[in-house]
Each structure stands twice: as structure tokens, then as C-alpha cells.
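Bear in mind that the values here come from a model prediction, so they are computed numbers and not experimental data. Sequence lines set the chain letters: A, B, ... in the order given, protein chains first and strands last, and positions in each chain run from 1.
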Amino acid sequence: LAKTTQPISMDSYEGQEVNITCSHNNIATNDYITWYQQFPSQGPRFIIQGYKTKVTNEVASLFIPADRKSSTLSLPRVSLSDTAVYYCLVEAGGFKTIFGAGTRLFVKA
Amino acid sequence: DTEVTQTPKHLVMGMTNKKSLKCEQHMGHRAMYWYKQKAKKPPELMFVYSYEKLSINESVPSRFSPECPNSSLLNLHLHALQPEDSALYLCASSQVGSYQETQYFGPGTRLLVL
């Protein structure tokens with residue numbers, strides 16, 4: 001299973017775009033990249049998943065370069081309610097799920 | 001309905017007690033998971049059931065005993081726990097597919113072992 005590395009924490013202000021980069025140098029051909037968000041005392045919530053290039057949904061975008069050794073989660077115009085921990089996971093099929101340390105995002109007014 | 005429910009929300013137990021955590025989903029998912037999460041740490045996978053059969057046991061001590069009575073229910077039986085087992089216990093479910101399926105998590109049970 002590929003190991004992921006993320007910044008431990010990030011600060012931002014309301015209305016700004018936030019980009020969180022995840023490094024996964026040992027990603028395998030069959031691996032997908034998935035991001036989850038977790039608020040205190042709640043379970044993680046799926047944000048976005050991708051394999052290559054760019055994926056966008058109603059809450060975020062995911063940018064994956066051609067070599068797939070990293071990925072960037074982009075949150076447009078963050079608000080105070082986006083303060084949370086963001087986890088990057090890199091795995092192929094199967095059930096063995098390993099969460100990395102995560103990035104604590106703090107959005108300030 | 002994309003909800004995973006867990007009961008109880010909070011649980012305090014002594015080291016000699018026996019208790020159970022319950023998880024339920026009605027999304028038709030055939031994979032169900034138990035995770036343990038300590039404060040300011042990521043969730044750690046404990047068990048996975050696929051089609052009601054235990055698929056993964058991450059070398060969890062036998063004082064934790066999972067059970068999957070049917071495709072919608074997942075239990076975690078607790079016996080003779082230690083104070084270091086105090087944590088947030090998360091349940092999740094997903095489809096069974098050929099790639100990384102989205103997991104839907106419950107709100108967790110906050111467990112305190114005295």
C-alpha cells in the first residue's frame with residue numbers, strides 16, 4: 001500500500017482558495033487517490049476521488065499530475081465550516097484502508 | 001439513505017464489564033468496517049466484513065470480538081478492556097467493488113474504559 005505524506009497543518013482565511021498537496025511516491029498502477037474530511041467527534045466524509053488528471057465535484061477539485069506521485073486537493077473559497085482534518089488515501093481495490101496523518105486545516109475569519 | 005448509525009453515542013465501562021457497540025446501514029452495502037481512532041490520530045482499521053464474512057482482522061486483541069449478523073448490522077463485542085482502549089470507535093460501510101470504494105462512516109461511539 002502506498003504511503004502518503006501531507007502537511008500537518010494549514011491556516012487560511014475565509015474566501016480564499018486552499019490547496020492541500022499529498023505526496024505518494026510509491027503509488028501503484030491500480031491505485032486510486034481518495035480524500036476524506038473529518039470534523040471533530042464525527043466520522044470521516046468522502047470528498048473526492050480520482051485516478052489521473054483533474055476531477056471536480058460540487059465541493060472540491062482534485063489535480064493529479066501525469067506521474068501520479070502527488071495530488072492536490074483544492075477547496076474554493078473556504079468558509080469557517082471547512083475547518084477540519086483532511087486525509088489523503090492511496091489504494092487499489094480491496095478493503096485494507098490506511099489513513100495517513102492528515103492535514104489540519106484551520107480557517108480564520 | 002446514505003446514513004450509517006451507531007449506538008450508543010457514548011459508553012463508559014469498567015475493565016470487567018461486557019458491552020457491545022452496534023452499527024447499522026440500509027444502503028445495501030456488503031462491506032462493513034470497524035475503526036478505532038485515538039485523539040488527534042487518524043482512524044485505524046480493525047476489522048472488515050465482506051458478505052457477512054470476516055475478511056480482515058488487523059491483529060486486534062481478542063477482547064474485541066466483531067459480529068456481522070446480517071448484511072445491515074455490525075456489532076463489536078467488548079470484554080475485559082483496558083484503559084488504553086478508550087477511543088472513538090467508527091463503523092463504515094461500502095460497496096464491494098474492484099477498486100477503492102467510497103466508505104460511508106457513522107458518527108462513532110466514544111468509549112471510556114475506567
Revision key, fill the gap. Bottom line for B:Glu58: the part with an atom under 4.5 Å from chain A's heavy atoms is side chain
**Study point:** Neighbour count >12 (heavy atoms, 6.0 Å) for atom OH, A:Tyr13
**Key:** no
Exercise for review: Against chain A, label B:Pro43 side chain, backbone, both or neither, depending on which of its atoms sit under 4.5 Å from a heavy atom there.
Suggested key: both
Check your understanding: Does one side chain, of A:Gln49 or B:Thr102, offer a donor that lies under 3.5 Å from an acceptor on the other?
Key -> no
Practice item. Treat each ILVMFWY residue as a node, draw an edge where side-chain heavy atoms are under 4.5 Å apart, and state whether B:Leu45 and B:Val96 are in one component. Key: yes
Check your understanding: How long is the gap from OH on B:Tyr35 to CZ on A:Phe99, to the nearest 0.5 Å?
Key -> 5.0 Å
Exercise for review: Name the region of A:Tyr36, side chain, backbone, both or neither, that has any atom closer than 4.5 Å to a heavy atom of chain B.
Suggested key: side chain
Practice item. Determine whether more than 12 heavy atoms belonging to other residues, nucleotides or ligands lie under 6.0 Å from atom NZ of A:Lys108. Key: yes
Practice item. Answer with yes or no whether the hydrophobic clustering places B:Phe47 together with B:Leu21; edges join I, L, V, M, F, W, Y residues whose side-chain heavy atoms lie under 4.5 Å apart. Key: yes
Practice item. Determine whether more than 12 heavy atoms belonging to other residues, nucleotides or ligands lie under 6.0 Å from atom NZ of B:Lys18. Key: no
**Study point:** Interatomic spacing from CE in B:Met32 to CZ in A:Phe95 - rounded to 0.5 Å
**Key:** 12.5 Å
Practice item. Would you indicate whether A:Ile8, at its atom CD1, is surrounded by more than 12 heavy atoms from other residues, nucleotides or ligands within a distance under 6.0 Å? Key: no
Exercise for review: Using non-hydrogen atoms and a 4.5 Å limit, figure out which bit of B:Lys40 sits close to chain A: side chain, backbone, both or neither.
Suggested key: both
Check your understanding: Quick one: what part of B:Gln37 sits under 4.5 Å from any heavy atom of chain A, side chain, backbone, both or neither?
Key -> side chain
**Study point:** Within-4.5 Å side-chain heavy-atom neighbours: A:Gln38 and B:Leu90
**Key:** yes
Practice item. Between chain B and each of A:Pro44, A:Pro40, A:Gly43, count heavy-atom pairs under 4.5 Å; write down the option with the most. Key: A:Pro44
Review point. For A:Phe63, which fellow cluster members are found when Ile, Leu, Val, Met, Phe, Trp and Tyr are connected by side-chain heavy-atom distances below 4.5 angstrom, either directly or through intermediates?
Key: none
